[in-house]
Amino acid sequence: MPKRILITGGAGFLGSHLCDRMIAEGNEVICLDNYFTGRRTNVSHLLDNPNFELLRHDIIDPIKLEVDQIYNLACPASPIHYQYNAIKTMKTSVMGAINMLGLARRTGARILQASTSEVYGDPLIHPQKEEYWGHVNPIGIRSCYDEGKRCAETLFMDYHRQNDVDIRIMRIFNTYGPRMNAEVGRVVSNFVVQALKGEDITIYGDGSQTRSFCYCDDLITGMIQLMNGEHMGPINIGNPNEFTMLELANEVIDLTKSTSKISYLPLPSDDPKQRQPDISLAKELLDWEPKVQLRDGLQPTIDYFKKELNI
Ligand code: NAD
Ligand code: UDP
């Protein structure tokens, strides 16, 4: 049965892929965005679709809409952007969550929060399970994002306990793919763009820190399964295959056949040394696991950036 679905942050990287999937499944989509990091071009191919509506709005302000489901993705996700205006980032996470939860309460809509592996901070437990409470600096430069997302999780749980709001909490681990914003400074887009332009690949620190990269299609499948399943979470969704940043750089150089060299820059403060999701809960409760391997996901990402950069 088609639903009317609100996707906040819908013009962003993940939001736009979710809009595509929701429209393809025959739903009505309201895509809400303030275009801080998102772009109309990410959804311009949907503008003529009668089931698609694009709204310029900031979720720190309340809004009244009639919807069946809400995916709350609005929030800058890259360190460069969320640190650009840290107070606004915190407002987006906290006031945005309150406004969207209020909307869910009024309409009876189910609401999913795009939370993050950052709630685990610089983890002392490896890999990270949902029951781990994290190791987070409350006063550092990443705190506006980490603590904002942690507070949003608290609000989701409290609206559920106190007001019976139907919630889902998804902890997203590093995700990449076409439509990542080249300006956001995330590692995959930086390395791919640098390799395509023949510029130095910038590794922060010695490149031994690890991340586990999930391809966007896998992530969106997990998100939709969580929203439409029985379990409210929090549930980790990510790819458990772990790589050092040096391994990633070499993989990108290999796939792009680039002449780029590697240059080493200082490691930003509070940069987590390792991150890998334990996805046993997602496997057991959602029957979900990622299918796309890093090399297979890097190729369409490289093709996307080639087109974007006219290379
Ligand atoms: P993105 O920056 O491409 O998308 C975020 C979108 O939210 C953008 O379109 C932006 O313009 C919009 N936005 C920001 N503040 C807003 C506000 N106040 N009101 C309305 N819209 C606003 O990032 P993404 O990678 O697509 O991330 C989507 C969500 O997933 C975010 O909540 C992010 O924290 C979460 N997440 C992403 C990753 C990842 O690796 N991509 C990892 C963990 C969590
Ligand atoms: N990183 C890097 N070079 C870059 C951008 C990022 O070495 O040009 C490193 C960064 O320091 C971090 C990892 O890559 O250790 C992942 O960074 P990203 O910003 O993508 O995500 P996050 O730190 O939020 O996981």
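As the structure lists them, so they are numbered: ligands from 1, and atoms in each ligand from 1. Numbers here are sequence positions counted from 1.
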task: Would you check, one step at a time, whether the test side chain to side chain donor-acceptor pair (under 3.5 Å) holds for R179 with T41?
output: CA-CA 9 Å; R179 298 194 199 141; T41 49; over 6 Å; no
task: Give the intermediate values and the outcome of side chain to side chain contact (heavy atoms under 4.5 Å, CB included) for residues V119 and V136.
output: CA-CA 7 Å; V119 300; V136 180; 5.9 Å; no
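At a 4.0 Å heavy-atom cut-off, ligand 2 touches N190 through the side chain alone. Contact annotation: for R186 versus ligand 2, heavy atoms closer than 4.0 Å belong to both the backbone and the side chain. Residue contacts with ligand 2 for R142 involve side-chain atoms from C-beta outward but no N, CA, C or O (heavy atoms, distance under 4.0 Å). Contacts between L265 and ligand 2 below 4.0 angstrom, taking non-hydrogen atoms only, are absent altogether. Neither the backbone nor the side chain of S117 comes within contact range of ligand 2; no heavy atom lies under 4.0 Å.
Ring geometry, Y176 versus F213: the interplanar angle exceeds 60°, so the pair is classed perpendicular (tilted spans 30 to 60°). The aromatic rings of F36 and H81 stand perpendicular to each other, their planes meeting at an angle above 60°, with 30° marking the opposite boundary.
Using a 4.0 Å cutoff on heavy atoms, Q194 does not count as a contact of ligand 2. Taking 4.0 Å as the cut-off, S78 does not count as a neighbour of ligand 2 on heavy-atom distance.
Residue-ligand proximity, E118 to ligand 2, at heavy-atom distances under 4.0 Å covers atoms 24 (O). Under a 4.0 Å criterion applied to the non-hydrogen atoms of I203, ligand 2 contributes the atoms 7 (O). Close contacts of ligand 2 with N174, meaning ligand atoms under 4.0 Å from a residue heavy atom, involve 21 (O), 22 (P), 25 (O). The atoms of ligand 2 that sit less than 4.0 Å from any heavy atom of M245 are 13 (C), 14 (O). Shown in contact with D271 at under 4.0 Å from a heavy atom are these atoms of ligand 2, numbered in order with element: 10 (C), 11 (O), 12 (C), 15 (O). Every atom of ligand 2 is numbered from 1 in the order shown, and the set under 4.0 Å from a heavy atom of T202 is 2 (C), 3 (N), 4 (C), 7 (O), 8 (O). Residue G185 approaches ligand 2 through these ligand atoms, each under 4.0 Å from one of its heavy atoms: 5 (C). Applying the 4.0 Å criterion to heavy atoms of P79 picks out, from ligand 2, the atoms 19 (O).
Pairs engaging residues 195-205 under the side chain to side chain donor-acceptor pair (under 3.5 Å) rule: Q194-T202 [sequence neighbours left out]. Sorted by first then second residue, the salt bridge (Lys or Arg N to Asp or Glu O under 4.0 Å) pairs that include residues 23-44, not counting sequence neighbours, are R4-E28, R39-E308.
Across D58, I59, I7, a single residue satisfies side chain to side chain contact (heavy atoms under 4.5 Å, CB included) together with L32, and that is I59. When each of R105, R110, M157 is checked for a side chain to side chain contact (heavy atoms under 4.5 Å, CB included) with V165, only R105 meets the rule. With D122 as reference, K273 is the one residue of K273, R142, R275 to meet the side-chain hydrogen bond (donor to acceptor under 3.5 Å, both in side chains) rule.
Annotation: atom 9 (C) of ligand 2 to nearest protein heavy atom, Q209 NE2, 3.8 Å. For atom 1 (N) of ligand 2, the nearest protein heavy atom (residue, atom name, distance) is Y204 CD1, 3.4 Å.
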Donor-acceptor pairs under 3.5 Å, side chain of residues 240-255 to any protein atom, not counting sequence neighbours: which ones?
from: N241; atom 1: ND2; to: Q293; atom 2: OE1; distance (Å): 2.9
from: E242; atom 1: OE1; to: H126; atom 2: NE2; distance (Å): 3.4
from: E242; atom 1: OE2; to: H126; atom 2: NE2; distance (Å): 3.1
from: E242; atom 1: OE2; to: T210; atom 2: OG1; distance (Å): 2.5
from: T244; atom 1: OG1; to: E247; atom 2: N; distance (Å): 3.0
from: E247; atom 1: OE1; to: T244; atom 2: N; distance (Å): 2.8
from: N250; atom 1: ND2; to: L246; atom 2: O; distance (Å): 3.3
from: E251; atom 1: OE2; to: R295; atom 2: NH1; distance (Å): 2.3
from: D254; atom 1: OD2; to: R295; atom 2: NH1; distance (Å): 3.2
from: D254; atom 1: OD2; to: R295; atom 2: NH2; distance (Å): 3.4

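Summarising the local packing, OH of Y84 is surrounded by 12 or fewer heavy atoms from other residues, nucleotides or ligands at distances under 6.0 Å. Few gaps surround NE2 on H45; more than 12 heavy atoms of other groups in view lie less than 6.0 Å from it.
Between R150 and E147 there is a salt bridge, since a side-chain N of the basic residue sits under 4.0 Å from a carboxylate O of the acidic one.
Q69 and N228 share a donor-acceptor pair across their side chains, judged by distance under 3.5 Å alone.
F173 is not listed as a side-chain neighbour of L219, based on a closest heavy-atom distance of 4.5 Å or more.
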For each nitrogen or oxygen atom of ligand 1, which protein N/O atoms lie closer than 3.5 Å, and how far apart are they, rounded to 0.1 Å?
from: ligand 1; atom 1: 2 (O); to: T37; atom 2: OG1; distance (Å): 2.5
from: ligand 1; atom 1: 3 (O); to: F13; atom 2: N; distance (Å): 2.8
from: ligand 1; atom 1: 7 (O); to: C75; atom 2: N; distance (Å): 3.4
from: ligand 1; atom 1: 9 (O); to: G12; atom 2: N; distance (Å): 3.1
from: ligand 1; atom 1: 9 (O); to: D33; atom 2: OD1; distance (Å): 3.1
from: ligand 1; atom 1: 9 (O); to: D33; atom 2: OD2; distance (Å): 2.5
from: ligand 1; atom 1: 9 (O); to: G38; atom 2: N; distance (Å): 3.2
from: ligand 1; atom 1: 11 (O); to: D33; atom 2: OD1; distance (Å): 2.6
from: ligand 1; atom 1: 11 (O); to: N34; atom 2: OD1; distance (Å): 3.4
from: ligand 1; atom 1: 11 (O); to: F36; atom 2: N; distance (Å): 2.9
from: ligand 1; atom 1: 11 (O); to: T37; atom 2: N; distance (Å): 3.0
from: ligand 1; atom 1: 11 (O); to: G38; atom 2: N; distance (Å): 3.0
from: ligand 1; atom 1: 13 (N); to: N34; atom 2: OD1; distance (Å): 3.3
from: ligand 1; atom 1: 18 (N); to: D58; atom 2: OD1; distance (Å): 2.9
from: ligand 1; atom 1: 18 (N); to: T92; atom 2: OG1; distance (Å): 3.1
from: ligand 1; atom 1: 19 (N); to: I59; atom 2: N; distance (Å): 3.0
from: ligand 1; atom 1: 21 (N); to: N34; atom 2: N; distance (Å): 3.2
from: ligand 1; atom 1: 21 (N); to: N34; atom 2: OD1; distance (Å): 3.3
from: ligand 1; atom 1: 26 (O); to: F13; atom 2: N; distance (Å): 3.4
from: ligand 1; atom 1: 26 (O); to: L14; atom 2: N; distance (Å): 2.8
from: ligand 1; atom 1: 32 (O); to: L73; atom 2: O; distance (Å): 2.8
from: ligand 1; atom 1: 32 (O); to: K149; atom 2: NZ; distance (Å): 2.8
from: ligand 1; atom 1: 34 (O); to: Y145; atom 2: OH; distance (Å): 2.6
from: ligand 1; atom 1: 34 (O); to: K149; atom 2: NZ; distance (Å): 3.0
from: ligand 1; atom 1: 40 (O); to: T175; atom 2: N; distance (Å): 2.8
from: ligand 1; atom 1: 40 (O); to: R186; atom 2: NH1; distance (Å): 3.2

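The shortest N or O to N or O distance between V187 and ligand 2 is below 3.5 Å.
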